[in-house]
Novice: 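Take this structure first; my questions come after.
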Amino acid sequence: MFIYSMRAGTIRFFGVICLALATLVALIAFVPELQPVSAEPGEQTQTINYDKIRSNEDRIAFLDQFGWQVEPTPTESTTVTIPAEFDKVFAGYNELQKKQGLDLSKYERKKVTRYTYKVTNYDYDGEVWANIFVYRGKIVAADISSADPDGFVIPLTLVDREKLK
């Protein structure tokens, strides 16, 4: 025959643990989701949709979420394979993607489609391009870049509003 005894301290300990778990579950179930605070007063917060990119209109609408206006037809559409090992240049590009919440390391050895659009509302002397990389209807990378050899490459999310027309 096996007999197990518990002290009052042990019963209280498990009671406190159960009460804490019940309180946590109640808070999660009944407290509404917190809304992010806007950067500027009166500015609406907006969630960016990186999924369900199936058509040209979806890609243009995606770019428009960031304030980028582009010509309606892509200037280039090509398939790119994400390398298994990133060289120095690709690792730097991936760091740029991480600044906007994307990470190409999840897509190593995958074939993605790159769409390039001409940006029409960036105040710059040369041509400016918007590149978006799509894998199975999801944006996996995106950038704004200039066509000049000494130009720039920036994430979509770092819009310099002063440079937009």
Novice: What is the distance from atom NZ of Lys52 to atom CD1 of Ile139, rounded to the nearest 0.5 Å?
Specialist: 14.0 Å

Novice: Would you find more than 12 non-hydrogen atoms of other residues, nucleotides or ligands less than 6.0 Å from Asp87 atom CG?
Specialist: yes

Novice: Quick one: closest heavy-atom pair of Ser146 and Gly151, and the distance?
Specialist: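 Minimum heavy-atom contact is OG-CA, 2.8 Å.
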
Novice: If we ignore hydrogens and angles and just use 3.5 Å, is the side chain of Asn131 paired with the main-chain N or O of Arg114 as donor and acceptor?
Specialist: no

Novice: Which heavy atom in Tyr135 sits nearest to a heavy atom in Lys110, and how many Å separate them?
Specialist: OH-CD, 3.3 Å

Novice: Please examine the side chains of Phe66 and Ile144, heavy atoms only from C-beta on, and report whether any two atoms are closer than 4.5 Å.
Specialist: no

Novice: Identify the heavy atoms of Ala142 and Phe133 that sit nearest to each other, and give their distance.
Specialist: N-CD1, 4.4 Å

Novice: Do Val140 and Leu104 have side-chain heavy atoms sitting under 4.5 Å apart?
Specialist: yes

Novice: Can you find a pair of side-chain heavy atoms, one from Phe90 and one from Glu85, that are under 4.5 Å apart?
Specialist: no

Novice: Nearest 0.5 Å, please: how far is OG1 in Thr79 from NZ in Lys111?
Specialist: 7.5 Å

Novice: Hey, which of Glu76, Glu71, Arg59, Gln69 is the one that makes side chain to side chain donor-acceptor pair (under 3.5 Å) with Tyr117?
Specialist: Arg59

Novice: Taking NZ in Lys98 as the centre, count heavy atoms belonging to other residues, nucleotides or ligands within less than 6.0 Å. Is the count above 12?
Specialist: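 Counting neighbours around NZ of Lys98, more than 12 heavy atoms of other residues, nucleotides or ligands fall under 6.0 Å, so yes.
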
Novice: Say you draw a straight line from CH2 of Trp68 to CD1 of Ile60; how long is it, rounded to the nearest 0.5 Å?
Specialist: 15.5 Å

Novice: Compute the centroid of each ring, for Tyr122 and then for Phe152, and state whether the two points are separated by less than 6.0 Å.
Specialist: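 Yes, close enough.
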
Novice: How far does CD1 of Ile53 sit from OH of Tyr115, to the nearest 0.5 angstrom?
Specialist: 10.5 Å

Novice: Under 4.5 Å between any side-chain heavy atoms of Tyr50 and Leu102, yes or no?
Specialist: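 SC-SC contact between Tyr50 and Leu102 confirmed.
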
Novice: Look at the side-chain heavy atoms of Ile, Leu, Val, Met, Phe, Trp and Tyr, link any pair under 4.5 Å apart, and say whether Ile154 and Tyr124 land in one connected group.
Specialist: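 Yes; Tyr124 is reachable from Ile154 via cluster members.
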
Novice: Short question: side chain of Asn94, backbone of Ala91 - any donor-acceptor pair under 3.5 Å?
Specialist: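 Side chain of Asn94 to backbone of Ala91, a donor-acceptor pair under 3.5 Å: no, none is there.
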
Novice: Does some side-chain heavy atom of Lys138 sit less than 4.5 Å from a side-chain heavy atom of Tyr107?
Specialist: yes

Novice: Given the rule that I, L, V, M, F, W and Y join up when any side-chain heavy atoms are under 4.5 Å apart, are Phe86 and Val112 in one cluster?
Specialist: yes

Novice: Would you check if Asp143 and Leu156 make a side-chain contact, meaning some heavy-atom pair closer than 4.5 Å?
Specialist: no

Novice: Quick check: closest heavy atoms across Leu96 and Pro155, and the distance to 0.1 Å?
Specialist: CD1-CD, 3.3 Å

Novice: Among Thr116, Asp64, Val119, exactly one meets side-chain contact (heavy atoms from CB on, under 4.5 Å) together with Val70. Which residue is that?
Specialist: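 For Val70, the side-chain contact (heavy atoms from CB on, under 4.5 Å) test succeeds with only one of Thr116, Asp64, Val119, which is Val119.
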
Novice: Looking only at heavy atoms, what is the nearest atom pair of Val153 and Ser145, with distance?
Specialist: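 The pair with the smallest heavy-atom distance is CG2-CB, 3.8 Å.
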
Novice: Looking only at heavy atoms, what is the nearest atom pair of Ala147 and Trp129, with distance?
Specialist: CB-NE1, 3.2 Å

Novice: So, do Thr73 and Asn56 sit near enough that their side-chain heavy atoms are less than 4.5 Å apart?
Specialist: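 They are not in contact (no side-chain heavy atoms under 4.5 Å apart), so the answer is no.
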
